[in-house]
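Note on naming: letters A, B, ... go to the chains in the order of the sequence lines (proteins, then strands), and numbering restarts at 1 for each one.
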Protein chains: 2
Amino acid sequence: MAGISGGKNYHHGDLRNALIRAAVDLATEGGPERVVLREAARRVGVSPTAAYRHFDGRGELLRTVRAHARVRLAEAMERAAAREPGADDPALAAERRLAALCRGYVGFAVEHPGLYRAAFCAGRPAPGEPPVGVPVPPEPEIRAFTLLKESLEALDRTGGRRPAAGAAAWSAVHGLSLLLLEGPLRRLSARRRDDVVETTLAMVVSGARTP
Amino acid sequence: MAGISGGKNYHHGDLRNALIRAAVDLATEGGPERVVLREAARRVGVSPTAAYRHFDGRGELLRTVRAHARVRLAEAMERAAAREPGADDPALAAERRLAALCRGYVGFAVEHPGLYRAAFCAGRPAPGEPPVGVPVPPEPEIRAFTLLKESLEALDRTGGRRPAAGAAAWSAVHGLSLLLLEGPLRRLSARRRDDVVETTLAMVVSGARTP
DNA sequence: CTGGAATGTTCATGCGGTCAACATCGGGCA
DNA sequence: TGCCCGATGTTGACCGCATGAACATTCCAG
């Protein structure tokens, strides 16, 4: 057992998790492209190749970080929705929840740009890393999307809804986040940014309602 | 003059443009991360460092490709809008144009994934490339966005419109494109993809209209 | 106790970005 | 006309990164 014994000298004891933590830190600091195997190893105080005992390579390390980031994103969305006051009218409540989830989504992206970008980085090989030949394995459901879908289904029960509205809503918040983070909408003042966010949310909600 | 004389031996004659062409090809094939200085030079048949006589480094080469890609994107949008039949009702015509522009946008992204991603890649340094210290210079207007804005202004003249609706519309098409390209919406059948696109477009149009 | 399985380390290869020093070419000025 | 300088390429070298092979160190099961 790796138990509480912690770090010996030669054998780290919990290298895998230590590397993940370091990699998540790196992603938080500079996004997925900053997740560099050697740097993670360095931070943990171990030789670069040691990581290969726990990961297939940089790709798998990055995928692990991505999974972590997706969980954090979903948590942020749920927190935002939980803060939202309820409403007597179920239709109104459904709308509010949808908007709150979206706000949580964009808020997470703005507050943790690197992590957010890591959450959706493709497994695309970076230059210097040979491309994988294997077909991409099916990915697990992304909770952030599930939340949006469920929220839209709730709206559904209170009125008409367009099919595929979930993807449309997701497109809007995802695109907005990226434009704010690294696109031409970056360096918007917080005030103007909120305007854009609210306008987009209104679009999402009204777009989901029109049948 | 570099004239028609073309390629001597030692002096290429038009290296800059040849490199740009090669780099655009690379981006078309594999997106911005495939734009590798050494490879571009290789394709042109020149030594890697020769590129430094014409570009500040990989970063500038990539920025040049990005500018090119943005122009191509705008052209695709305008072509799509031009194909759209007019309408007697100016309001209807405006809606149609907006939808057509968006369709052109997403269509370009789907048809030229690499180039599209290159169009919006941040100047973020790739690993192996030291980060630039200089503050990012202001970027020129992006024509794709201008087109959307103008289209929304036209809609405006025929009815109410929310402020910042341009950014909202852009967010939707941009996010949709990325989700289709490298996000969880990739490997959707063409049929389902069209469904999602149309639903998103409906969201954009209806969202722009509600005051 | 002890030997094999785990887990790290060292060494080496190959690719990419970039810089400095050197080679070539071509056109303008004496 | 002829030569020299600046523009344009080339070589060679350095550094970081991803990875794989071979070797070292521990630890635990038998």
Side-chain angles (χ1 to χ4, degrees), chain A residues 1-3 5-20 22-23 26 30 32-65 123-134, chain B residues 1-20 22-23 26-27 30-63 65 123-134:
Chain A
M1 236 17 35
S5 51
K8 307 300 181 305
N9 282 337
Y10 200 95
H11 281 159
H12 180 287
D14 192 29
L15 223 202
R16 178 165 225 275
N17 288 105
L19 284 172
I20 293 177
L26 284 169
E33 53 275 329
R34 188 100 137 231
V35 177
V36 166
L37 206 132
R38 287 176 103 99
E39 173 65 16
R42 218 172 291 141
R43 293 193 176 195
V44 174
V46 90
S47 81
T49 52
Y52 284 83
R53 299 296 178 196
H54 304 274
F55 298 94
D56 226 10
R58 185 191 119 111
E60 198 193 322
L61 180 58
L62 191 48
R63 274 190 296 279
T64 307
V65 171
R124 214 188 336 290
E129 184 182 359
V132 272
V134 298
Chain B
M1 240 12 41
I4 316 173
S5 51
K8 308 296 182 306
N9 281 338
Y10 201 96
H11 281 159
H12 181 287
D14 192 28
L15 224 204
R16 178 166 224 276
N17 288 106
L19 284 172
I20 293 176
L26 283 169
E33 53 276 328
R34 188 100 136 233
V35 177
V36 165
L37 204 128
R38 287 176 107 104
E39 173 65 15
R42 219 171 293 144
R43 292 193 176 195
V44 173
V46 92
S47 80
T49 51
Y52 284 82
R53 300 294 179 198
H54 303 274
F55 298 94
D56 227 9
R58 184 190 120 109
E60 199 193 320
L61 180 58
L62 191 48
R63 274 190 296 279
V65 171
R124 216 188 337 288
E129 185 182 0
V132 276
V134 299

>> For A:Arg53, give me all partners under side chain to side chain contact (heavy atoms under 4.5 Å, CB included), at least two apart in sequence or on another chain.
In response: none
>> Rounded to whole Å, how long is the line connecting atom NE2 of B:His54 with atom P of D:dG6?
In response: 18 Å
> DNA chain D: A:Thr49 or A:Glu39, which has the more 5' nearest nucleotide?
Replying inline: A:Glu39
>> Less than 4.5 Å apart, side chain to side chain, heavy atoms only: is that true for B:Pro32 and B:Val65?
In response: no
> To the nearest Å, how far apart are A:Arg53 CZ and D:dC23 P?
Replying inline: 13 Å
> Rounded to the nearest Å, what distance is computed from the CZ atom of residue B:Arg58 to the P atom of nucleotide C:dC19?
Replying inline: 15 Å
> Between B:Glu60 and B:Arg63, is there a salt bridge with N-O shorter than 4.0 Å?
Replying inline: no
>> Rounded to whole Å, how long is the line connecting atom CG of A:Leu15 with atom P of D:dT26?
In response: 15 Å
>> If you go through the side-chain atoms of B:Ser47, does one of them form a donor-acceptor pair with the base of D:dT11 closer than 3.5 Å?
In response: no
> What is the distance, rounded to the nearest whole Å, between atom CZ of A:Arg38 and atom P of C:dA12?
Replying inline: 14 Å
>> Minimum heavy-atom separation for B:Ala51 and B:Leu37, please, with both atom names.
In response: CB-CD2, 3.7 Å
>> Please report the distance, rounded to the nearest Å, between CZ in A:Arg16 and C1' in C:dG8.
In response: 17 Å
>> How many whole angstroms separate atom NE2 of A:His12 from atom C1' of D:dA24?
In response: 19 Å
> Between B:Tyr52 (OH) and C:dG17 (P), how many Å, whole number?
Replying inline: 7 Å
